[in-house]
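Scroll down for the structure; my scribbles are underneath it.
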Amino acid sequence: MLAFINTFAAFILLLPAALASPLVPRRDTPNFYLVATSTSPDYHLKHLGIANQYDGVLTTGTASKFYLEGQRLRLDINDPSAWFATVDFIQVSSGSCSVDGPIKIIPGTSSNKCAKNFNFNLSSYEQNSQLGAKLVFNWAGGFYGCSGGVVKYSSGSAPSGCTALTLWTVPANV
């Protein structure tokens, strides 16, 4: 009986640590970096960062930390409510939206009616889920590295002059 009480007491003492989450409130994932793999050496093993204030670009410079909140990809900075990733689809002359657009990291909301800041998800690597997850949009890949390292998404064929790539999560310290 004493062994049972000691085991139960140890369980009760360890329970708070077991229930503690490494997640910050309102986050669905810990922080991660996004690193590209591509057949092009221009984009292979570069991480997603920010250039020109809002452009999502592949770079070897300062790595940006991200996390998912629901289906929104958010930038990890001091103000968690402000910055998020969006696919900046372009409104074409017919009033419909284009099938491709650049990834932008913007504060607040976009005035572009075609921009989508939701439907980002993580999909486990099919061969071995322990190796990481890839970022998907609308449950498809469709990310491309383009001139200047700009990252675009396309639900159709590759945008002109762009190379297909996959964006993989790499854990970042919380």
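No hydrogens, no waters, no symmetry mates; every other heavy atom, side chains included, goes into these values.
Closest approach of Tyr43 to Gly149, counting heavy atoms only: CE2-CA, 4.0 Å. The heavy-atom pair separating Tyr67 from Leu75 by the smallest distance is CE2-O, 4.0 Å. Here the closest heavy-atom approach between residue Phe143 and residue Leu135 is recorded as CE1-O, 3.3 Å.
In this structure, the side chain of Asn138 does not engage the main chain of Ala140 through any donor-acceptor pair within 3.5 Å. A donor-acceptor pair is defined here as one N or O able to donate and one able to accept, closer than 3.5 Å; such a pair exists between the side chain of Thr169 and the backbone of Ala133. Under the 3.5 Å distance criterion, the side-chain polar atoms of Ser38 are matched with a main-chain donor or acceptor of Ala164. Put simply, the side chain of His47 never gets that close to the backbone of Val57: no donor and acceptor are under 3.5 Å apart.
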Could you go through Ile105 and Thr86, starting from their C-alpha distance and side-chain angles, then the distance that decides it, and tell me whether this counts as side chain to side chain contact (heavy atoms under 4.5 Å, CB included)? CA-CA 6 Å; Ile105 315 295; Thr86 184; over 6 Å; no
Would you sort out whether Leu122 and Val136 count as a side chain to side chain contact (heavy atoms under 4.5 Å, CB included), showing the intermediate values? CA-CA 6 Å; Leu122 297 178; Val136 293; over 6 Å; no
Would you sort out whether Trp139 and Asn121 count as a side chain to side chain contact (heavy atoms under 4.5 Å, CB included), showing the intermediate values? CA-CA 7 Å; Trp139 290 108; Asn121 291 287; 3.3 Å; yes
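Here the options are Cys162, Pro159, Ser98, the test is side-chain contact (heavy atoms from CB on, under 4.5 Å), and the partner is Ser154; only Pro159 passes.
Rounding to the nearest 0.5 Å places CG of Leu167 at 13.5 Å from NZ of Lys46. Within the model, atoms CG of Leu34 and CG of Leu73 stand 6.0 Å from one another, a figure rounded to the nearest 0.5 Å.
Residue pairs meeting the salt bridge (Lys or Arg N to Asp or Glu O under 4.0 Å) criterion with at least one partner in residues 89-104, sequence neighbours excluded, are Asp55-Lys104. Within the structure, the ring-ring contact (aromatic ring centres under 6.0 Å, His included) test picks out the following pairs touching residues 87-120 (sequence neighbours left out): Phe120-Phe137. Under the salt bridge (Lys or Arg N to Asp or Glu O under 4.0 Å) criterion, no residue pair touches residues 148-170, with sequence neighbours excluded.
A donor atom on one side chain and an acceptor atom on the other are found under 3.5 Å apart for Thr37 and Trp168.
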